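A quick write-up on the structure given underneath.
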Amino acid sequence: MINKSFSEIEKAKKYVEVFKKVTVTLCAILSVLMLIAGIILCVYDGATGVSYIIYSVILCGFGIFMVYYTNAISNVFVDGMDDIKSSAIMIEQIAKGNSGKNNEQNTNVFPKSFESCINFYLYYVEKGAYLSASTVEEQSLRVVKDIFSAIKFNSEEEAKRFADYKRIEIGEKWQIVKKNLIIPIV
C-alpha cells in the first residue's frame with residue numbers, strides 16, 4: 001500500500017524556495033561587503049581596490065546565476081518526485097480496480113489512455129492533509145490525506161474564492177498547492 005500523503009514533497013518544495021532566498025541573500029551580502037572593501041582599499045592601493053570591486057560584481061552576477069540554476073534543477077527533481085508519487089497512486093488504484101475482475105477481462109492488451117491534469121488544492125499544513133470534497137455541502141471543515149478525495153480547483157483564483165467563502169485564511173495553516181496529476185481518460 002502506497003502512502004498517499006504529499007506532505008514530504010510539500011516540505012521539499014518549501015526547502016528549495018528557502019534555500020534560494022537564503023543563498024541569494026548571502027551572495028548579495030558578500031558582494032556588497034567585497035564592494036565596500038574595494039572602495040576602502042582604493043584609498044590605499046588603487047589597483048587592489050579596483051580588483052576587489054570587479055570581483056564583487058563578478059561574484060554577484062555569477063553567484064546569483066548559479067543560485068537560480070541550482071534552484072531550477074532542484075525544482076525539476078521535486079516536480080519529478082511529485083509526478084512519480086501521483087503516477088504510483090494512480091497505478092495502485094487501477095490495479096485495485098482490475099483485481100476483482102475475471103481473467104477474461106484482464107487479458108486486454110490495449111493500454112488505457114492517460115492525460116495530465118493541473119489542479120489546485122487547499123492544503124492544511126499542520127495535519128498534512130487536503131480539504132475534503134464533502135466540505136462543499138457541510139458547514140464544518142474536514143481534511144483528508146488522500147488527494148483524490150480532496151476538493152480540486154481549476155485555478156488558484158478559484159481556490160482563493162472558495163477559501164474566502166469558507167472563511168479559510170491562506171497563510172501559515174492553509175496553503176494553496178498546485179498538483180500536476182496523471183488521470184485515466186474514460
Side-chain angles (χ1 to χ4, degrees), residues 1-22 68 70-186:
M1 179 175 213
I2 294 175
N3 179 4
K4 294 182 181 177
S5 173
F6 283 82
S7 62
E8 295 299 321
I9 295 174
E10 294 299 324
K11 286 180 189 176
K13 286 182 183 179
K14 287 181 192 174
Y15 291 149
V16 166
E17 289 305 312
V18 169
F19 173 75
K20 179 181 77 171
K21 291 175 185 174
V22 168
Y68 278 100
T70 305
N71 184 53
I73 291 173
S74 300
N75 279 330
V76 167
F77 284 124
V78 171
D79 288 343
M81 290 187 292
D82 196 6
D83 291 344
I84 290 169
K85 180 119 179 159
S86 299
S87 299
I89 291 171
M90 184 56 63
I91 289 169
E92 182 184 34
Q93 286 186 346
I94 291 170
K96 283 182 183 177
N98 288 340
S99 63
K101 298 178 181 179
N102 60 20
N103 289 337
E104 291 176 13
Q105 291 177 344
N106 286 338
T107 59
N108 187 2
V109 293
F110 299 107
K112 290 187 177 181
S113 299
F114 295 93
E115 71 178 7
S116 177
C117 180
I118 296 175
N119 294 321
F120 294 85
Y121 297 91
L122 289 170
Y123 182 71
Y124 190 60
V125 177
E126 290 178 5
K127 292 189 177 181
Y130 302 93
L131 187 64
S132 173
S134 65
T135 306
V136 175
E137 295 92 24
E138 298 176 2
Q139 292 290 81
S140 63
L141 298 177
R142 294 185 184 195
V143 292
V144 292
K145 297 262 185 193
D146 182 16
I147 197 164
F148 296 106
S149 300
I151 185 170
K152 63 182 175 183
F153 303 97
N154 294 328
S155 67
E156 190 171 352
E157 293 78 26
E158 185 180 341
K160 285 179 184 177
R161 283 194 305 266
F162 186 80
D164 289 340
Y165 170 71
K166 286 291 188 175
R167 295 187 180 134
I168 297 172
E169 186 176 326
I170 305 298
E172 294 279 326
K173 288 187 175 184
W174 288 93
Q175 294 178 350
I176 297 174
V177 295
K178 176 182 172 184
K179 297 288 181 190
N180 187 6
L181 301 176
I182 300 170
I183 58 172
I185 299 174
V186 180

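The model shown is predicted, which means the values in this text are computed figures rather than measured ones. Hydrogens, waters and symmetry mates are skipped; everything else that's a heavy atom, side chains included, is used.
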Please tabulate, one pair per line, all N/O donor-acceptor pairs under 3.5 Å involving side-chain atoms of residues 74-82, not counting sequence neighbours.
from	atom 1	to	atom 2	distance (Å)
S74	OG	T70	O	2.9
N75	ND2	N71	O	3.4
D82	OD2	K13	NZ	3.4

May I ask you to decide whether E17 forms a salt bridge with K14, counting only side-chain N to carboxylate O separations under 4.0 Å?
no
Side chain to side chain contact (heavy atoms under 4.5 Å, CB included) filter on K166, not counting sequence neighbours, yields T135, L141, F162, I168
salt_bridge(K179, E10) N-O dist < 4.0 Å:
yes
What closest approach, in Å, do I170 and A163 show between heavy atoms, and which atom pair accounts for it?
CD1-CB, 3.9 Å
Does atom NZ of K173 have more than 12 heavy-atom neighbours from other groups under 6.0 Å away?
no
Residue pair A150 / Y130: nearest heavy atoms and the distance that separates them:
CB-CB, 3.4 Å
With a 4.5 Å heavy-atom cut-off, do L122 and V143 have their side chains touching?
no
With sequence neighbours left out, what residues match F120 under ring pair (Phe, Tyr, Trp, His ring centres under 6.0 Å)?
none
Indicate yes or no: does K11 engage E8 in a salt bridge with an N to O separation below 4.0 Å.
yes
For the backbone of K127 and the side chain of K145, can you confirm whether one donor and one acceptor N or O come within less than 3.5 Å of each other?
yes
Carefully, step by step, assess I118 and K178 under the rule side chain to side chain contact (heavy atoms under 4.5 Å, CB included).
CA-CA 7 Å; I118 296 175; K178 176 182 172 184; 3.6 Å; yes
Rounded to the nearest 0.5 Å, the CD atom of E169 sits from the CG atom of D164 at a distance of 10.0 Å
How far apart are the closest heavy atoms of V125 and E172, and which atoms are they?
CG2-O, 3.6 Å
Determine whether the aromatic ring centres of residues Y124 and W174 are separated by less than 6.0 angstrom.
yes
Any chance you could measure K160, atom NZ, to I176, atom CD1, to the nearest 0.5 Å?
5.5 Å
Report the distance from atom OH of Y121 to atom CD1 of I151, rounding to the nearest 0.5 Å.
10.5 Å
Straight-line distance of S155 OG to N119 CG, nearest 0.5 Å
10.5 Å
